[in-house]
Engineer: 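Below: one structure in structure tokens.
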Number of protein chains: 2
Amino acid sequence: MTHLSQDHTDLASQSEIRCATCFLRQSGFCGALLDARSRLPIRQDSRTTGAGETICFEGDPSEYVCILCHGWAVRSKQIADGRRQILSVLLPGEMFSSMMIFEENISFSVQAVTDVLVTRFNRADVKSALMIGPAVLHAVADVCITELREADQLLICLGRCNAEERMARFFLSLSRRLNSHRVNHHQRRHRFPLRQQDLADIMGLTPIHINRVIGRFRRAKYIEMSSGYLTIINKAALERICRCQFKDRGLAKIL
Amino acid sequence: MTHLSQDHTDLASQSEIRCATCFLRQSGFCGALLDARSRLPIRQDSRTTGAGETICFEGDPSEYVCILCHGWAVRSKQIADGRRQILSVLLPGEMFSSMMIFEENISFSVQAVTDVLVTRFNRADVKSALMIGPAVLHAVADVCITELREADQLLICLGRCNAEERMARFFLSLSRRLNSHRVNHHQRRHRFPLRQQDLADIMGLTPIHINRVIGRFRRAKYIEMSSGYLTIINKAALERICRCQFKDRGLAKIL
DNA sequence: CGTACGGTTGAGTCGCGTCAAGCATGGTGG
DNA sequence: CCACCATGCTTGACGCGACTCAACCGTACG
């Protein structure tokens, strides 16, 4: 653990950091990066943030590439009159955005939904690591492409889908992402800390309308939502809401 | 011109290709790539496509990285019932998407709006060029970041702006992009080949509603649109429609 | 001259937003 | 222990922005 600098306030405990590093190694980007340390020092630290707090502010300079190690967060942009659009939901193991590797100022905010643990790599070090071999480069390309694809998905969702379609797609895609993190790939019940206001800001709707759609889904026994948990009861029905839309290929490739 | 392979049908004339290569050198990515050819062969060809035709189909494999050299095109995705969302408007000098560098199958379609000239680099060659020095890498990072930022912009637009705000933002941002290509940076009159149906598919609205908003803008003397040309008459007014929204920093950074 | 395509305009409808009130929960302090 | 409050969820009434359907117009083209 000699690479961990602890000069900042609010540092996570050693055990949390150890857990974080161990966890990070599983993800493509961080694995490649940590491997690269044999040839190049890469400074890194970890810090916790409480639920509801803002981790990064839009426009601020940042010398870090941030990875969410524990908890949920959202990446968003705001317009002055208060309207907020969430650009992505961040789950454990994910980079805030690949833009953080190349840009000095970040163009978005990140807010903690639950208590979170964030690991930060020194941006200059990461950039240097890009040139020492193809592993890091490919890992970064992967992150970048995933981000672009998700953005395209969300765009078509906001531009051309109604409220029910948006919700159905969101639930399915989220469930899929959550399951890809775990051993059990067919979990139907998930921790779900997002508030209806957050859902509204993801889907470009109002929380009241979100509530009504959820109500419909609940009454139709498609899902269950209570006390911070989401259960997908009738996955097929949700897929039916979206499926009519998609060309030929299966949902798996699209969501 | 020894690098140009002409084994494909529908090839552009020699003069067009020369023009294209000359033009490409001005753009960061292509400039870096063409410079890299001193150390590495990079196969390349050019081809024309007629207005309205589809250049790439969603899901198709592609061994090329495509650059639009002349004309306008749109990158889009479709859902089975015919609904289409345009993800980006492609102007001369722009790569279709940075995803083309890393992905074997493309996840979008590209359609020619006008007659276009497209230069295609061999994807494997481009990937190899990434490792020979930082120039190409940085150029690619630039393309990638620009794309991510534009996607975020469009997301907030679709998620949180009404029709007038979307149109105003689109016109301003497009005018800005068009002017950045030319010597005269303050041109107010632009070639504008997009149909109202295209505008609708960009902004997630119907062409009829687009028509009404344009009508309002026209009557308010904000813009003029006729016979394939767009003129921004009252830029300040358009900015006012968006400005109220933006935090502190000026429009320039945002649009 | 007919056809096709895209733009324009009107009437009516509906999805979603707005406003407003009520409810459940959990934390706090007296 | 219970008032008190803050936060987030739920529900109803109503209005508006955007969609749908439909007709008409102008231009380009064979």
Side-chain angles (χ1 to χ4, degrees), chain A residues 50-53 72 74 79 81-86 111-115 157-168 170 192-220 223-230 241, chain B residues 50-53 72 74 79 81-86 111-115 157-168 170 192-220 223-231 241 245:
Chain A
E53 283 176 53
W72 290 43
V74 291
I79 41 190
D81 56 8
R83 284 180 276 178
R84 176 178 76 148
Q85 177 65 40
I86 291 178
Q111 287 152 296
V113 174
T114 63
D115 289 349
C157 206
L158 294 185
R160 289 300 181 207
C161 293
N162 64 24
E164 295 201 353
E165 289 163 347
R166 292 184 207 184
M167 294 288 290
F170 176 75
F192 190 79
L194 294 173
R195 292 165 302 136
Q196 295 188 351
Q197 177 66 63
D198 297 322
L199 290 174
D201 289 341
I202 294 165
M203 325 244 198
L205 299 165
T206 55
I208 293 143
H209 199 67
I210 292 288
N211 182 291
R212 291 191 221 275
V213 175
I214 289 179
R216 263 177 266 160
F217 281 3
R218 221 192 313 250
R219 257 171 278 127
I223 62 163
E224 223 162 64
M225 271 183 80
S226 62
S227 54
Y229 281 87
L230 165 73
I241 293 178
Chain B
E53 283 175 53
W72 290 43
V74 293
I79 41 190
D81 57 8
R83 284 180 276 178
R84 178 179 71 148
Q85 177 66 39
I86 291 178
Q111 287 153 295
V113 174
T114 63
D115 289 348
C157 208
L158 294 184
R160 290 302 182 203
C161 292
N162 65 23
E164 296 202 352
E165 289 164 347
R166 293 185 205 184
M167 293 288 290
F170 177 75
F192 191 81
L194 295 172
R195 292 165 302 135
Q196 295 188 350
Q197 177 66 63
D198 298 320
L199 289 175
D201 289 340
I202 295 165
M203 324 244 199
L205 299 166
T206 55
I208 294 145
H209 199 66
I210 291 287
N211 182 293
R212 292 190 221 275
V213 174
I214 289 179
R216 263 177 266 161
F217 281 4
R218 224 195 309 257
R219 258 171 277 127
I223 62 162
E224 224 162 60
M225 272 184 80
S226 61
S227 55
Y229 281 87
L230 164 72
T231 312
I241 293 177
Q245 309 168 9

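Computed from a prediction, not measured in an experiment: that's the story for all the values here. We name chains A, B, ... by the order of the sequence lines, and we start the count at 1 in each one.
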Engineer: Only distances under 3.5 Å count here; give the side-chain donor-acceptor pairs of residues 205-212 of chain B to other protein atoms, sequence neighbours excluded, each with its distance to 0.1 Å.
Structural biologist:
from: B/Thr206; atom 1: OG1; to: B/His209; atom 2: N; distance (Å): 3.4
from: B/Asn211; atom 1: ND2; to: B/Gln196; atom 2: OE1; distance (Å): 3.1

Engineer: To the nearest Å, how far apart are A/Arg166 CZ and C/dG17 C1'?
Structural biologist: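 Checked: the CZ to C1' distance equals 13 Å.
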
Engineer: In whole angstrom, what separates B/Asp201's CG from D/dA18's P?
Structural biologist: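 Rounded to the whole Å, the gap is 16 Å.
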
Engineer: Could you go over nucleotides 6-10 of chain C and give all protein N or O partners under 3.5 Å, atom names and distances?
Structural biologist:
from: C/dG6; atom 1: OP1; to: B/Arg195; atom 2: NH1; distance (Å): 3.2
from: C/dG7; atom 1: OP1; to: B/Gln196; atom 2: N; distance (Å): 3.2
from: C/dG7; atom 1: OP2; to: B/Gln196; atom 2: N; distance (Å): 3.3
from: C/dT8; atom 1: OP1; to: B/Arg218; atom 2: NH2; distance (Å): 2.9
from: C/dT8; atom 1: OP2; to: B/Gln196; atom 2: NE2; distance (Å): 2.7
from: C/dT8; atom 1: OP2; to: B/Asn211; atom 2: ND2; distance (Å): 3.0
from: C/dT8; atom 1: OP2; to: B/Arg218; atom 2: NH2; distance (Å): 3.3
from: C/dT8; atom 1: O5'; to: B/Asn211; atom 2: ND2; distance (Å): 3.4
from: C/dG10; atom 1: N7; to: B/Arg212; atom 2: NH1; distance (Å): 3.2
from: C/dG10; atom 1: O6; to: B/Arg212; atom 2: NH2; distance (Å): 3.2

Engineer: What is the distance from CG of B/Asn162 to C1' of D/dC19, rounded to the nearest Å?
Structural biologist: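 To the nearest whole Å, that distance equals 16 Å.
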
Engineer: Using rotation axes that map the C1' atoms of four end pairs onto the next four (five pairs an end), what angle separates the end axes of the helix from C/dC1-D/dG30 to C/dG30-D/dC1, to 10°?
Structural biologist: 30°

Engineer: Return the minimal non-hydrogen interatomic distance between B/Pro193 and B/Thr114, and the atom names on each side.
Structural biologist: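 Between these two residues, the closest heavy atoms are CB-CG2, 3.4 Å.
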
Engineer: Around B/Glu224, counting heavy atoms of other residues, nucleotides and ligands shown, do more than 12 lie under 6.0 Å from its CD?
Structural biologist: no

Engineer: Is a side-chain N or O of A/Gln85 found less than 3.5 angstrom from the main chain of A/Ile202, in a donor-acceptor match?
Structural biologist: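 Present.
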
Engineer: What residues, two or more places apart in sequence or in another chain, satisfy side-chain hydrogen bond (donor to acceptor under 3.5 Å, both in side chains) together with B/Arg195?
Structural biologist: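 B/Arg195 satisfies side-chain hydrogen bond (donor to acceptor under 3.5 Å, both in side chains) with B/Asp198 only.
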
Engineer: What integer distance in Å separates B/Ile210:CD1 from D/dG17:C1'?
Structural biologist: 13 Å

Engineer: Does A/Val74 reach the side chain of A/Leu194, with side-chain heavy atoms less than 4.5 Å apart?
Structural biologist: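 A side-chain contact exists here, since the closest heavy-atom pair is under 4.5 Å.
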
Engineer: Pairs in or reaching into residues 201-210 of chain A: which pass salt bridge (Lys or Arg N to Asp or Glu O under 4.0 Å), with residues at least two apart or in two chains?
Structural biologist: A/Arg84-A/Asp201, A/Asp201-B/Arg160

Engineer: What is the distance, to the nearest angstrom, from the CG atom on B/Leu205 to the P atom on C/dG15?
Structural biologist: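 Answer to the nearest Å: 17 Å.
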
Engineer: Rounded to the nearest 0.5 Å, what separates atom CZ in B/Arg83 from atom SG in A/Cys161?
Structural biologist: 5.0 Å

Engineer: Rounded to the nearest angstrom, tell me the gap between atom CG in A/Leu158 and atom P in D/dA18.
Structural biologist: 15 Å

Engineer: Please report, rounded to the nearest Å, how far the P atom of D/dA18 is from the CE atom of B/Met203.
Structural biologist: 12 Å

Engineer: Could you check how far CZ of B/Arg216 sits from P of D/dG17, rounded to whole Å?
Structural biologist: 8 Å

Engineer: Give a yes/no answer on whether the side chain of B/Thr206 brings an N or O atom under 4.0 Å of OP1 or OP2 in D/dC19.
Structural biologist: yes

Engineer: Taking only residues two or more places apart in sequence or in another chain, which ones pass side-chain contact (heavy atoms from CB on, under 4.5 Å) with A/Glu164?
Structural biologist: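 Only A/Asn162, A/Val213, A/Arg216, A/Phe217 meet the side-chain contact (heavy atoms from CB on, under 4.5 Å) criterion with A/Glu164.
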
